[in-house]
Protein chains: 2
Amino acid sequence: MVLSEAIENYLKAIYQLCHERGRATTTALADWLEVAPASVSGMLKKLSSDRPKLVQYTRHRGVSLTPAGEKIALEVIRHHRLIEMYLHQALGYSWDQVHDEAEKLEHVISEEFEDRIAEKLGHPEFDPHGDPIPTKNGELPKLSCSCLSTMSKGQTGRVRRVRNSDPALLRYLAELGIVPDATLTVSERAPFGGPLHVQVGAEPGAAAHALGRPVTDQVFVEVDGTAVDE
Amino acid sequence: MVLSEAIENYLKAIYQLCHERGRATTTALADWLEVAPASVSGMLKKLSSDRPKLVQYTRHRGVSLTPAGEKIALEVIRHHRLIEMYLHQALGYSWDQVHDEAEKLEHVISEEFEDRIAEKLGHPEFDPHGDPIPTKNGELPKLSCSCLSTMSKGQTGRVRRVRNSDPALLRYLAELGIVPDATLTVSERAPFGGPLHVQVGAEPGAAAHALGRPVTDQVFVEVDGTAVDE
DNA sequence: ATTATTATTTAGTCTTACCTAAATCAACAA
DNA sequence: TTGTTGATTTAGGTAAGACTAAATAATAAT
């Protein structure tokens, strides 16, 4: 079964939205894919009537993936994240450069290519942003961490994942040293969703950086050694 | 200017046909691209009326590239051959596997990717089949060799290039040891386009292989140290 | 020079995936 | 219950890039 790039992107988007926000609505998909809502309606109708059925869709009710659809979504995500890792490790791309390149390559590489870069990389479990790389049979490495915006004053943790692909944001975070494996300590928490102040690194006297909600919502941390949340 | 994959393939095909056979006709293009002749007519009309003009076309007269079109064709060919070399050298692909993968990747990689793999490879001049890789400014490394089918009995030479991407043929040639840099000696020449017998390697007593015209037309050799032809 | 053959173009369709504008549905407040 | 609003779908259309069938031009053979 050979799927168009457009369809692969819809499946991937549905997967991500369902997992990151609980459900995938027409508007959310339109936003994510940068197409008109009407186009999403049309595509969902098509996807849900085609066989094999890749999505479960009822008008006005949002959409979810069937097992067949999820399998494909995970294959595309595996491609994407393996490629990101390869670009980073083998070709020296910085973590803010990898997403755009992977976005195009993910649709065209062969199984052969996938296998060879996975091999070269030693079958990594996470990509340069800490996103888990699905295995060939569609299993996701478990990652136990919680969102930075839920941490309270005094807590310390290790950065595990930055779930955002905006190059400017990634460069900003890298500048502050907020990258996977870095140690963070919350030195101050303003109330009412105000900025969170974090120290980067293990030294106690380090300068703190004030981070707003849009940033702290994207950073995931493994607190101490005791972790909750997905 | 962002071009579709289809257009890039037309430009590449026109380039190759003009250089390998002197001219690019509608039927030859249709054959090469595996589309109907009518589709080629339509595309050529479009390409020659669009601006910037990428091809020079007059109905019933064949087509050629304008300087602008040739520039793009050479960029795509550079992508293709660099990728082939990268797959071979960095990922261990065999020479019969690289073409198909490169055919898809060539259209989606960025300038960044191109530069990085060229760098990793040490700016190679030839791909795994001996095809010259255009430089960034569109220059082709000069390759002095002549077609195996023009060699006469007793002549010895070094394989420089195999201009064919059929995996089965490439595997067959590799099996015989006919790969770039191998030494060949013509031990027998049947008349009237009959098979050519070649010994592979430097040892005088080696067994000879009989090769038909379809094969010998694709293999290019640098005879002794004195070479002619392009 | 006329006919036969082959190459090429024209005309008219199809599919995919997008769009805008208009209609409809769902959810919630008055 | 009845609006009102926002989300969603329907209707109708466009652009690429392919196709088939029919018409025409070029080439070769008689």
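These numbers were taken from a predicted model, which means no experiment stands behind them. The chains referred to below are lettered A, B, ... by the order of the sequence lines, with proteins before strands, and numbering in each begins at 1. The analysis underlying the following values was restricted to heavy atoms, covering all of them including side chains, and did not include hydrogens, waters or symmetry mates.
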Next item on the list: Would you mind reading off the distance between D50(B) atom CG and dA16(D) atom C1', rounded to a whole angstrom?
Entry: 12 Å

Margin query: By nearest atom, which of the nucleotides dT9(C), dT20(D), dT9(D) is closest to the A36(B) side chain?
Written below: dT20(D)

Next item on the list: Mark yes when over 12 heavy atoms from residues, nucleotides or ligands other than K45(B) sit less than 6.0 Å from its NZ; otherwise mark no.
Entry: no

Check: Does R116(B) count as lying over the ring of Y93(A), i.e. NZ or CZ under 6.0 Å from the six-ring centre, within 45 degrees of the axis?
Finding: yes

Checklist line | Which nucleotide in dA18(D), dT9(C), dA17(C) has an atom nearest any side-chain atom of A6(B) | finding: dA18(D)

Note to self: Mind checking if T26(A) touches a base, just sugar-phosphate, or nothing, with heavy atoms under 4.0 Å?
What the structure shows: sugar-phosphate

Next item on the list: Using heavy atoms to find the nearest nucleotide of DNA chain C for A38(A) and E5(A) separately, return the residue whose nucleotide is more 5′.
Entry: E5(A)

Notebook entry, point to check: Starting at CG of L47(A) and ending at P of dT16(C), how long is that distance when rounded to a whole Å?
Noted result: 12 Å

Notebook entry, point to check: How many Å lie between NE2 on H60(A) and P on dT9(D), as a whole number?
Noted result: 5 Å

Check: Only one of D131(A), V219(A), D127(A) clears side chain to side chain contact (heavy atoms under 4.5 Å, CB included) with R161(A); which?
Finding: D131(A)

Check: Within this structure, what is the NZ-to-P distance between K46(A) and dT16(C), rounded to whole angstrom?
Finding: 5 Å

Notebook entry, point to check: For the pair made of CG in L3(A) and C1' in dA17(C), what is the distance, rounded to whole Å?
Noted result: 15 Å

Notebook entry, point to check: Rounded to whole angstrom units, what separation is found between the CG atom of L33(B) and the P atom of dG17(D)?
Noted result: 13 Å

Notebook entry, point to check: Rounded to whole angstroms, how far apart are CZ on R61(A) and C1' on dA27(C)?
Noted result: 12 Å

Notebook entry, point to check: Among the nucleotides dT10(D), dT9(C), dA18(D), which one has an atom lying closest to any side-chain atom of V35(B)?
Noted result: dA18(D)

Check: Taking atom types as modelled, is there a side-chain donor on H88(A) or E84(A) under 3.5 Å from an acceptor on the other?
Finding: no

Check: OP1, OP2 of dG17(D) versus side-chain N and O of S4(B): anything below 4.0 Å?
Finding: yes

Notebook entry, point to check: Is a donor on one side and an acceptor on the other found under 3.5 Å between the side chain of S48(A) and the backbone of Q56(A)?
Noted result: no

Check: With respect to the phosphate group of dA16(D), does any side-chain polar atom (N or O) of Y10(B) fall under 4.0 Å of OP1 or OP2?
Finding: no

Next item on the list: Could you tell me the separation between the CZ atom of R59(B) and the C1' atom of dT10(C), rounded to a whole number of Å?
Entry: 13 Å

Notebook entry, point to check: Using a cut-off of less than 4.0 Å, is there contact between a side-chain N or O of S39(B) and OP1 or OP2 of dC19(D)?
Noted result: yes

